[in-house]
> 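Have a look at this one.
Residues: numbered from 1 along the sequence shown.
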Amino acid sequence: MKSIATVTTHRAQRYGKQLASHMARRITTSWDEDSGVLVFPDKPVTVHLQATAEALIMDMEAPADDVAHFEEVVGIHLARFGAGDSLRVSWQRDDGTIGTSQGPFDPAEVEAFRARMRAQQGTDRTV
């Protein structure tokens with residue numbers, strides 16, 4: 001199944017690069033000046049990223065049973081990175097159904113999330 005999110009931002013290159021860099025800790029990613037890809041090795045899931053002057057376009061291919069999960073995984077990271085710009089990620093699936101949505105988050109919500117992650121990791125470092 002395909003699912004596409006067009007995230008309005010004038011900083012699409014920055015957010016695309018940040019998303020690819022952050023996700024590279026756990027998956028295979030690449031990013032050049034204005035496009036990239038996220039490849040999840042354990043599932044047949046690929047997300048193509050394209051930065052334009054007005055948006056970051058994320059085009060996902062995933063098994064129908066997994067698409068909502070991966071929309072959430074990718075979208076929530078981007079929405080958190082873009083909290084200062086109030087980024088909202090809304091997915092639209094190729095079968096015409098509305099996918100999941102993430103954000104916008106305010107900075108306090110992002111900090112609360114980071115605090116929970118630090119507590120789970122048993123460390124006091126900044127994420």
> Between Val37 and Val47, is the side chain to side chain contact (heavy atoms under 4.5 Å, CB included) condition met? List the steps.
CA-CA 6 Å; Val37 66; Val47 182; over 6 Å; no

> Kindly work out whether a path of hydrophobic side-chain contacts (I/L/V/M/F/W/Y, heavy atoms less than 4.5 Å apart) joins Val73 to Met1.
yes

> Less than 4.5 Å apart, any side-chain heavy atom of Pro104 and any of Leu87?
no

> Could you work out, with side chain to side chain donor-acceptor pair (under 3.5 Å) as the rule, every residue matching Thr97, not counting sequence neighbours?
Asp95

> Treating Ile, Leu, Val, Met, Phe, Trp and Tyr as nodes and any side-chain heavy-atom pair under 4.5 angstrom as an edge, say whether Ile76 and Val110 lie in one connected cluster.
yes

> Can you measure from CG (Leu38) to OG1 (Thr46) and round to the nearest 0.5 angstrom?
9.0 Å

> Looking only at heavy atoms, what is the nearest atom pair of Trp31 and Ala51, with distance?
CH2-CB, 4.0 Å

> How long is the span from the CD atom in Gln13 to the CG atom in Asp32, to the nearest 0.5 Å?
9.5 Å

> Considering only residues two or more places apart or on different chains, which pairs with a residue in residues 39-49 satisfy salt bridge (charged side-chain N to carboxylate O under 4.0 Å, His left out)?
Lys43-Asp66

> About how many Å separate CG of Leu56 and OG of Ser35, when rounded to the nearest 0.5 Å?
10.5 Å

> Who pairs with Asp65 by side-chain contact (heavy atoms from CB on, under 4.5 Å), at least two apart in sequence or on another chain?
none

> Check whether any side-chain N or O of Gln50 sits under 3.5 Å from a backbone N or O of Asp34 as a donor-acceptor pair, and report yes or no.
yes

> Give me each pair satisfying salt bridge (charged side-chain N to carboxylate O under 4.0 Å, His left out) with a member in residues 99-108, each pair once, sequence neighbours excluded.
none

> Can you name the residues that form a ring pair (Phe, Tyr, Trp, His ring centres under 6.0 Å) with Tyr15, not counting sequence neighbours?
none

> For side chain to side chain contact (heavy atoms under 4.5 Å, CB included), just list the numbers for Glu61 and Val45, CA-CA rounded to whole Å, side-chain angles, deciding distance to a tenth of an Å, and then say yes or no.
CA-CA 6 Å; Glu61 295 177 30; Val45 177; over 6 Å; no

> Go through the steps to decide whether Val7 and Leu78 satisfy the test side chain to side chain contact (heavy atoms under 4.5 Å, CB included), and finish with yes or no.
CA-CA 9 Å; Val7 182; Leu78 183 60; 3.9 Å; yes

> Report the residue from Ile4, Thr6, Leu19 that forms a side-chain contact (heavy atoms from CB on, under 4.5 Å) with Met58.
Leu19

> Within the supplied structure, the quantity of interest is the number of heavy atoms (other residues, nucleotides, ligands) at a distance under 6.0 Å from Glu109 CD; does it exceed 12?
yes

> Give me each pair satisfying salt bridge (charged side-chain N to carboxylate O under 4.0 Å, His left out) with a member in residues 1-24, each pair once, sequence neighbours excluded.
Lys2-Asp59, Arg11-Asp85

> Taking NZ, NE, NH1 and NH2 as the nitrogens, is one of them in Glu111 or Arg116 under 4.0 Å from a carboxylate oxygen of the other?
no

> With sequence neighbours excluded, what pairs up with Ser21 under the side chain to side chain donor-acceptor pair (under 3.5 Å) test?
none

> Sequence neighbours excluded, which residues qualify as side-chain contact (heavy atoms from CB on, under 4.5 Å) partners of Thr8?
none

> Check Gly96 against Gln92 and note the closest heavy-atom contact, atom names and distance.
O-NE2, 3.1 Å

> Under the salt bridge (charged side-chain N to carboxylate O under 4.0 Å, His left out) definition, can you give me all pairs with a residue in residues 67-83, not counting sequence neighbours?
Glu71-Arg93

> Strictly distance-based, threshold 3.5 Å: is any side-chain N or O of Thr29 a donor or acceptor partner for the main-chain N or O of Ala20?
yes

> Let me see the working for Gln102 and Thr100 under side-chain hydrogen bond (donor to acceptor under 3.5 Å, both in side chains), right down to the final yes or no.
CA-CA 7 Å; Gln102 298 77 39; Thr100 65; 2.7 Å; yes

> Output all residues satisfying side chain to side chain donor-acceptor pair (under 3.5 Å) with Arg88, sequence neighbours left out; order by chain, then residue number.
none

> Which heavy atom of Ala55 sits nearest a heavy atom of Ala12, and at what distance?
O-CB, 3.2 Å

> Not counting sequence neighbours, list each pair that qualifies as a ring pair (Phe, Tyr, Trp, His ring centres under 6.0 Å) and has a residue in residues 74-107.
His22-His77, His22-Phe81

> I'd like to know whether Ile27 forms a side chain to side chain contact (heavy atoms under 4.5 Å, CB included) with Val39, so could you lay out the CA-CA distance, the side-chain angles of the two residues, the decisive distance to 0.1 Å, and finally the verdict.
CA-CA 6 Å; Ile27 65 172; Val39 179; over 6 Å; no

> Could you pull out all residues at least two apart from Phe40 that satisfy ring pair (Phe, Tyr, Trp, His ring centres under 6.0 Å)?
Phe70

